[in-house]
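All of these numbers come straight from a predicted model, not from anything done at the bench.
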Amino acid sequence: MNYTGDELLWIAICDDERKDVREIREILMEGEIEEGDFKISTFSSGKELLNASVSRYNLLILDLVFPGENGREIAREYRKKNKDGIIVFCTGKSSPIPDDFRTMPYRFARKDKVRQFRSGLLESVEEMYRRNAKKNVLFTQGKTTTLIEADKILYLEIAKNGSTVYYFDRTDTVCQLKAREKPKELYPQLTVHGFEFSHNSYLVNCHYLKRWNSHELELIDGTRLSISRAREKKFREVCVRYIL
């Protein structure tokens with residue numbers, strides 16, 4: 001894959017078994033595109049991990065079994081501090097339970113299934129690269145094109161000939177841009193940056209949610225948008241990542 005990001009990526013391995021840590025580290029390094037693309041930190045306990053600057057980690061490889069600790073609780077505490085990091089649960093023979101999905105794990109990797117374990121870790125590295133590729137979104141206005149960072153976009157509203165984009169400029173003022181691209185066309189690009197449809201008419205950046213219920217949401221600038229019955233379940237599932 002082509003990686004167009006320019007920032008250093010960080011990976012955390014949290015596992016008390018040294019042999020497993022070595023093996024995980026070796027597999028992860030196989031997925032490095034260019035030498036020095038990412039750094040790996042290792043932690044032998046959840047307490048050690050959570051005392052670190054966890055918000056920096058793009059990817060967490062987390063064992064579920066620790067002496068005197070609960071791996072699932074570690075994941076919940078990590079997610080409170082890092083809303084966007086990719087979590088991969090590693091285990092010997094445990095199976096996922098419904099509560100695991102509140103922390104939005106990307107993979108559930110079984111150490112006893114060597115081939116699947118390796119492929120799962122490498123897919124997670126690729127996903128880390130993909131999510132951290134440059135986040136500029138291209139919008140077209142006639143013969144003019146405009147690049148806006150995904151993190152600056154509040155939401156997109158469908159319009160007759162495309163969409164209206166609501167975004168923060170350099171002074172944090174909310175501006176509007178009329179674009180030819182429709183929200184549905186941009187969804188595959190924006191979903192990895194925390195965007196989800198609340199309604200067929202609105203593609204919302206969930207980072208900017210202030211509050212929401214089953215019928216309506218409010219963004220940090222006071223904008224209120226409808227949540228449709230058809231979209232409510234999926235929208236709620238995505239929102240969980242940002243309101244834990």
Atom pair OG (Ser124) and CD1 (Ile86), whose distance is rounded to the nearest 0.5 Å | 7.0 Å

Do the side chains of Ile148 and Phe139 get nearer than 4.5 Å, heavy atoms only?
-> yes

Rounded distance (nearest 0.5 Å) linking atom CD of Glu32 with atom CD of Glu35 = 6.5 Å

Worked verdict on Val174 versus Phe168 for side-chain contact (heavy atoms from CB on, under 4.5 Å) | CA-CA 5 Å; Val174 178; Phe168 290 109; 3.6 Å; yes

Identify the two heavy atoms, one from Gln189 and one from Asn136, that lie closest to each other, and give their separation to 0.1 Å.
-> NE2-O, 3.3 Å

Under-4.0 Å salt bridge between Lys234 and Glu237 | no

Check whether any side-chain heavy atom of Leu147 sits under 4.5 Å from a side-chain heavy atom of Thr145, and report yes or no.
-> no

How about Asp37 and Tyr129: does a side-chain donor come under 3.5 Å of a side-chain acceptor?
-> yes

Distance-only, no hydrogens or angles: does the Ser163 side chain make a donor-acceptor pair with backbone N or O of Glu157 under 3.5 Å?
-> no

Atom of Leu8, atom of Gly36 and distance for their closest heavy-atom approach | CD1-O, 3.4 Å

Cluster question for you: counting only ILVMFWY and a side-chain heavy-atom cut-off of under 4.5 Å, with indirect links fine, are Ile227 and Ile220 together?
-> yes

Reported CZ-to-CG distance for the pair Arg25 and Leu121, which is rounded to 0.5 angstrom | 13.5 Å

Calculate, to the nearest 0.5 Å, the distance between atoms CD and CZ belonging to Glu17 and Arg22 respectively.
-> 10.5 Å

Does Gly85 offer a backbone N or O that forms a donor-acceptor pair with the side chain of Arg79 under 3.5 Å?
-> yes

Which value, rounded to the nearest 0.5 Å, describes the distance between Thr42 atom OG1 and Ile61 atom CD1?
-> 12.5 Å

Can you check side chain to side chain donor-acceptor pair (under 3.5 Å) on His207 and Asp84, steps first, answer last?
-> CA-CA 10 Å; His207 289 90; Asp84 298 308; 3.1 Å; yes

4.5 Å side-chain heavy-atom contact, Thr91 and Lys111 = no

Under 3.5 Å, is there a donor-acceptor pair between the side chain of Asn82 and the main chain of Val54?
-> yes

Glu232 side chain to Ser228 backbone, donor-acceptor under 3.5 Å | no

By side-chain hydrogen bond (donor to acceptor under 3.5 Å, both in side chains), which residues pair with Tyr208, not counting sequence neighbours?
-> none

Got Arg72 and Leu64 here, is their nearest side-chain heavy-atom distance under 4.5 Å?
-> yes

Spell out, as yes or no, whether a donor-acceptor pair under 3.5 Å connects the side chain of Asn58 to the backbone of Met128.
-> no

Taking every non-hydrogen atom, the tightest pair across Asp16 and Val65 = OD1-O, 3.7 Å

About how many Å separate CZ of Arg229 and OG of Ser214, when rounded to the nearest 0.5 Å?
-> 9.5 Å

Can you check whether Leu217 reaches Arg211 side chain to side chain, under 4.5 Å on heavy atoms?
-> no

Any side-chain heavy-atom pair from Ile158 and Asn200 closer than 4.5 angstrom?
-> no

Checking Glu69 side chain against Lys47 main chain: does a donor-acceptor pair fall under 3.5 Å?
-> yes

Is there side-chain contact between Tyr155 and Leu225, with at least one heavy-atom pair below 4.5 Å?
-> yes

Could you give the side-chain donor-acceptor pairs of residues 175-187 under 3.5 Å, partners two or more places apart or in another chain?
| unit_1 | atom_1 | unit_2 | atom_2 | d |
| --- | --- | --- | --- | --- |
| Lys178 | NZ | Thr164 | OG1 | 3.0 |
| Glu181 | OE1 | Thr140 | N | 2.9 |
| Glu181 | OE2 | Thr140 | N | 3.3 |
| Glu181 | OE2 | Thr140 | OG1 | 2.6 |
| Glu185 | OE1 | Lys182 | N | 3.3 |
| Tyr187 | OH | Glu196 | OE1 | 2.8 |
| Tyr187 | OH | Glu196 | OE2 | 3.4 |

Any sub-3.5 Å donor-acceptor pair from Glu126's side-chain atoms to Arg130's backbone N or O?
-> no

Under 4.5 Å between any side-chain heavy atoms of Tyr106 and Leu60, yes or no?
-> no

Residue pair Ile24, Phe117: steps toward the side-chain contact (heavy atoms from CB on, under 4.5 Å) verdict = CA-CA 9 Å; Ile24 291 170; Phe117 183 69; 3.8 Å; yes

Working for side-chain contact (heavy atoms from CB on, under 4.5 Å), residues Arg118 and Glu23 = CA-CA 9 Å; Arg118 180 178 177 277; Glu23 291 178 354; over 6 Å; no

side-chain contact (heavy atoms from CB on, under 4.5 Å) evaluation trace for Ile40 with Ile13 = CA-CA 7 Å; Ile40 298 176; Ile13 303 172; 3.6 Å; yes

Would Ser119 and Glu123 satisfy side chain to side chain donor-acceptor pair (under 3.5 Å), going step by step from the backbone distance to the final call?
-> CA-CA 6 Å; Ser119 64; Glu123 287 170 6; 4.6 Å; no

Measure across Gly31 and Leu122 and return the closest heavy-atom pair with its distance rounded to 0.1 Å.
-> N-CD2, 3.7 Å

Applying side-chain hydrogen bond (donor to acceptor under 3.5 Å, both in side chains), name anything that partners Tyr57, two or more places apart in sequence or on another chain.
-> Ser41

Minimum heavy-atom separation for Cys239 to Cys206, with atom names?
-> SG-SG, 4.3 Å

In terms of heavy-atom contacts, Asn205 and Leu219 come closest through O-CD2, 4.5 Å

